[in-house]
Amino acid sequence: MSFIEENDQTQARRQHLERIAAITGNAYPNRFLRSQVVRPPEPDTITSVFEIYKYLTPKTEGNERATPEQLEAANRILNDVHVALAGRLAVPPRVMGKAAFVHLTDGVSRLQIYVRKESTKAVAGGDDIHSVLDAGDEAKNDRRELDGWEMFNLLDHGDFIGVRGHLFVTKTGELSVHVDEFEFLAKALVPMPDKVHGINDPELRARRRYADLIAGSLKVETDASDSNIRELTTRHVFERRAALVRAMRHYLDERDYTEVETPMLVPVASGAAARPFVTHHNALDITLYARIAPELYLKRLVVGGFERVYELNRNFRNEGLSTRHNPEFTMLEFYAAYMDAHDMMNTCEDILRRSIETALAGDDLMTSAATVIRWGDHTINFDKAFERLTMKQAIVRYFPDELRELGAEKFEEWWLDDAERVRRLALFLNDYETHASAPLIEAAPDDKPTLEGAPRGAMRDIIAEAWAQYASGAGDGEETADDLESNAADAGTEAARTAGYVQQIFEMVAESELIQPTFITDFPKAVSPLAKASPHDVGLAERFELYIGGMEIANGFSELNDPVEQRERFAGQQKAREQGDDEAMVLDEDYLRALSYGMPPTAGLGIGIDRVVMLITNRRSIRDVILFPHLRPERGIEDANHEAAHDDGRD
RNA sequence: GCGUCAGUAGCUAAAUCGGUUAAAGCACUCGCCUCUUAAGCGAGUGCUUGUGAGUUCGACUCUCACCUGACGCACCA
């Protein structure tokens, strides 16, 4: 039946609802006409009224109260302002004998209302559409006056009401509405989130985002909380997300990029290395895939004469969930004819810096410049020029100090050009990373398998010994190395395999260290089937990735526009696929045909929007920046849904 | 899929080495209170301690399995 838990609180609310329905005749009226004082003809909101009139509230220091003269001065003006406002009860109705103060919220701000037993009325039916159209027609106006105090005592925390009255400031200096009459608008049948703690359980926050958002608007600031560091609420996170997306669109629109929408359901899922979701079109009786990237469609448009296009929308990848991965995620992809990867790197830097600055400018929760953000314990600076490193430079720079000396040898940059050394290093690091703990636990007297926990000398010996095994080839048989080897083998050729290892090493030693915005260049061609080769090195792609906060944020390159070479690259991927790499890129025959019509030299860029939002909102989990992230289905609710579907006669 | 940690009332949560009837605050119900503001005062309802087994005289506490989640790994160029 119902999925709402039964308890004393839900019962009380339902009883209140029944009483209200009996008294008003309709507990869910269709509309409430709000006043248009602040910005006619827009209806007044709690936020707009509060923002406009709060300047009249007397300024006081600490616990000091406003003087009667100050209050009188403010009230002289405020008492003439008559408003009709609506919102949700932000507190449980707290009655003091014959009067009550409660707060209403519109999801952003809260405003206090003052209700008196003797004078405040409740009304019902007054705003029916006919009563407005046929004003004065008594027969059609079913507006009725009710017992205000009785109605007020049937209200619960979270209910919606509309109020009419005039503004005033209380003795404590708070802007309030002196309510002449109010109207019941809608019932909250379940208890509201805790006013102090909100919702703490991250699962519940994501699963019931509506409740999470409500919690933010109901939360009170406690004495204990530092008023200087206001918390970024869920509402703020998504306002910022919207501001960022708006700024990015604006940036591109201003520079003559055309926003387009290409297919989400595609017959060939290509343009990236990922497994797709599969679905079926009944009428055509064909298999369709949810797109994994819009890339190949956008380049078709460049062929067709759109010199600059962008798409900001969802991609779908059938992969695991993590703090950085959601099966559907938002990507901005754009393409510009006659540019190359270097131009695109500059553009990437510029759009991010400007969009972030625009998105954060005027955000009253920002304490510092809009281009300097807090990311966990770090400060990320978007003002400075983004650093640019080749993949190998990054490996050398971030190679762990405790591993620099491997046995009798010393790690040096030239190792990365030696295929055999690269292979052994990758295998060693992988082993070291995944269960470095095994030998280290033996070395460490306590149960802390960290480098700090073990005696320095013993640690060096262990590493030296482990490395010696790999250097002699003895470590190759390790089970843990198999996955890595098969991964690297996907690419086929010797050079590609080495390239794969270099990339693995990069990800193991450098990626998480790249906190400040850093471009990584010189990607192996073998792992970049859609990118043009570097004019300086045929083994490299003219490609870059941007890392910030230890995350891959953007990926761009000079687009391969030679249809013959593109076909060969696809063929290479096809081979990898046949060897078992089910994420190798799929050949798209129509795309090759499009390229054959001729595509100008073009550069493209993809920016992971969710991750940028994580950065600018200081959120460590992608689930915190996606309104409804994918979660394992809730137990029980599936069955309830299913049952309901059957009741509807749907199957 | 693997590992670590967690799950106590609607919410936030306490409970010494395995030991009496499983604290408390918020919320809810009733009463009092006409400028309160995390309103206050008084009284009251509500927990088969995630589920199921086991060890024990005795289990929130220990063991095993399962469910759910967080984090890490794997997967994800």
Side-chain angles (χ1 to χ4, degrees), chain A residues 4-13 15-16 65 71 90-92 94-103 110 112-119 156-158 168-174 176 178 190-207 211 215 218-225 272-275 292-293 317-327 329 430 433-435 437 480 483-484 487 490-491 499-500 503-504 506-507 523-524 526-531 541 543 545 552 555 573 576 581-585 620-621 623 631-636:
Chain A
I4 295 171
E5 190 177 343
E6 279 283 328
N7 59 35
D8 54 335
Q9 305 190 41
T10 54
Q11 275 169 19
R13 285 167 182 269
Q15 282 165 15
H16 290 166
R65 284 200 167 188
L71 294 175
V91 293
R94 20 167 229 242
V95 174
M96 307 173 310
K98 294 173 181 161
F101 285 96
V102 291
H103 283 84
R110 36 169 63 206
Q112 183 168 257
I113 63 169
Y114 178 50
V115 171
R116 292 165 63 93
K117 182 178 183 181
E118 299 306 327
S119 58
D156 286 300
H157 189 193
F168 75 112
V169 283
T170 63
K171 279 180 187 164
T172 52
E174 179 165 350
S176 308
H178 187 114
V190 293
M192 292 295 108
D194 190 277
K195 65 184 172 187
V196 177
H197 304 94
I199 299 177
N200 269 13
D201 183 343
E203 183 201 352
L204 273 187
R205 279 219 315 261
R207 222 184 260 292
L218 301 184
K219 210 162 174 178
V220 293
E221 280 170 38
T222 63
D223 295 340
S225 64
R275 281 178 291 174
I292 55 175
R317 297 187 183 175
N318 208 337
E319 60 196 32
L321 299 93
S322 80
T323 44
R324 292 170 184 194
H325 298 87
N326 194 56
F329 61 100
N430 184 60
E433 227 185 32
T434 48
H435 49 106
S437 26
T480 49
D483 288 346
L484 195 66
N487 271 356
D490 291 343
Q503 190 159 357
Q504 299 270 7
F506 166 78
E507 284 169 12
F523 278 73
V527 296
S528 315
L530 298 170
R543 171 181 171 192
E545 282 188 349
E552 182 191 336
N555 177 17
Q573 291 289 310
D581 178 8
D582 50 7
E583 276 159 14
M585 208 172 288
R620 290 316 183 103
S621 172
R623 282 190 278 270
L631 302 167
R632 195 169 263 110
E634 199 170 351
R635 274 180 88 72

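For the numbers below, each heavy atom of this structure counts, side chains included, while hydrogens, waters and symmetry mates do not. Lettering of chains follows the sequences in order, A, B, ..., and the numbering in each one begins at 1.
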Select one nucleotide: of U34(B), C75(B), C28(B), the one nearest the side-chain heavy atoms of Ala12(A). C28(B)

Atom CG of Asn318(A) and atom P of G1(B) are separated, to the nearest Å, by 15 Å

Lys171(A) side chain: which of C35(B), U68(B), U29(B) is closest? C35(B)

In whole angstrom, give me the gap between the C1' atoms of A53(B) and A14(B). 28 Å

How far, in whole Å, is U68(B) from A23(B) if one measures between their C1' atoms? 27 Å

In Watson-Crick or G-U wobble terms, both distances under 3.5 Å, what is the partner of C64(B)? G52(B)

Step-by-step side-chain contact (heavy atoms from CB on, under 4.5 Å) determination, Leu218(A) to His103(A): CA-CA 9 Å; Leu218(A) 301 184; His103(A) 283 84; over 6 Å; no

A9(B) and U29(B): how far apart are their C1' atoms, nearest whole angstrom? 16 Å

Taking only N and O in the side chain of Lys195(A), is any of them less than 4.0 Å away from OP1 or OP2 of A27(B)? yes

Tell me whether the rings of Phe168(A) and His178(A) are parallel (<30°), tilted (30 to 60°) or perpendicular (>60°). perpendicular

Any idea which of A39(B), A13(B), U36(B) is nearest the Phe101(A) side chain? U36(B)

His103(A) NE2 to U36(B) C1': how many Å, rounded? 9 Å

Pair partner, C41(B) [Watson-Crick or wobble, under 3.5 Å]: G31(B)

Touch check for Val91(A), heavy atoms < 4.0 angstrom, all strands: base, sugar-phosphate only, or nothing? nothing

Value in whole Å for how far the C1' atom of A38(B) lies from CZ of Arg110(A): 10 Å

Base, sugar-phosphate, or nothing for His157(A), non-hydrogen atoms under 4.0 angstrom? nothing

C1' gap between U49(B) and U21(B), integer Å: 15 Å

So what does Arg275(A) hit on the nucleic acid, given a heavy-atom distance under 4.0 Å: a base, only sugar-phosphate, or nothing? sugar-phosphate

Under 4.0 Å: is that the gap between some side-chain N or O of Arg623(A) and OP1 or OP2 of C71(B)? yes

Base, sugar-phosphate or nothing for Pro92(A)? Non-hydrogen atoms, less than 4.0 Å. sugar-phosphate

How far, in whole Å, is G7(B) from U48(B) if one measures between their C1' atoms? 16 Å

Roughly how many Å is it from CD1 in Ile199(A) to P in G10(B), rounded to a whole number? 15 Å

Nearest to the Arg94(A) side chain among A39(B), U34(B), U29(B), which nucleotide is it? A39(B)

Quick check: closest heavy atoms across Ala293(A) and Ala272(A), and the distance to 0.1 Å? CB-CB, 4.0 Å

I need the CG-P distance between Leu218(A) and C26(B), as an integer number of Å. 17 Å

Here the distance between atom P of G50(B) and atom CD of Glu203(A), to the nearest Å, is 16 Å

Between C28(B) and C47(B), how far apart are the two C1' atoms, rounded to whole Å? 15 Å

Give Gln9(A) one of three labels, base, sugar-phosphate or nothing, depending on what nucleic acid heavy atoms sit under 4.0 Å from its own. base

G10(B): pairing nucleotide in any strand, Watson-Crick or G-U under 3.5 angstrom: C26(B)

Between Ala274(A) and Arg317(A), the two heavy atoms sitting closest are CB-CD, 3.6 Å

What's the base orientation of C32(B): syn (chi within 90° of 0) or anti? anti

Is the base of U36(B) touched by the side chain of Gln112(A) through a donor-acceptor pair closer than 3.5 angstrom? yes

Non-hydrogen atoms of Leu631(A) and Glu203(A) that approach each other most closely: CD1-O, 4.2 Å

Is the phosphate of U29(B), meaning OP1 or OP2, less than 4.0 Å from a side-chain N or O of His16(A)? yes

What's Asp8(A) touching, base or sugar-phosphate or nothing? Going by heavy atoms closer than 4.0 Å. base

Close side-chain approach of Asn318(A) and Pro327(A), heavy atoms under 4.5 Å: no

What's the verdict on side-chain contact (heavy atoms from CB on, under 4.5 Å) for Asp156(A) and Gln9(A), showing C-alpha distance, side-chain angles and the deciding distance? CA-CA 10 Å; Asp156(A) 286 300; Gln9(A) 305 190 41; over 6 Å; no

Suppose we define a pair by two distances each less than 3.5 Å, Watson-Crick or G-U wobble; what does C5(B) pair with here? G69(B)

Among C71(B), C75(B), U34(B), which is the nearest nucleotide to the side chain of Tyr114(A)? U34(B)

Map Gly97(A) and Asp194(A) onto RNA chain B by nearest heavy atom, then report which one ends up closer to the 5' terminus. Asp194(A)

Distance from Arg623(A) atom CZ to Leu321(A) atom CG, nearest 0.5 Å? 6.5 Å

In whole Å, what is the span from the CG atom of Asn200(A) to the P atom of U68(B)? 22 Å

Using a cut-off of less than 4.0 Å, is there contact between a side-chain N or O of Asn7(A) and OP1 or OP2 of C11(B)? no

side-chain N/O Thr323(A) vs C71(B) OP1/OP2, d < 4.0 Å: no

Between U34(B) atom C1' and His178(A) atom NE2, what is the distance in whole Å? 11 Å

For A13(B) versus A27(B), give the span between their C1' atoms, rounded off to a whole number of Å. 14 Å

What interatomic distance, in whole Å, is found between P of C62(B) and the corresponding atom of U4(B)? 16 Å

Nearest listed nucleotide, side chain of Pro202(A), among A70(B), C35(B), U45(B): A70(B)

From CA spacing to verdict: side-chain contact (heavy atoms from CB on, under 4.5 Å), Val95(A), Lys117(A): CA-CA 10 Å; Val95(A) 174; Lys117(A) 182 178 183 181; over 6 Å; no

Re G18(B): Watson-Crick or G-U wobble partner, both distances kept under 3.5 Å, found to be none

Contact class for Glu174(A) (heavy atom, under 4.0 Å): base, sugar-phosphate, or nothing? base

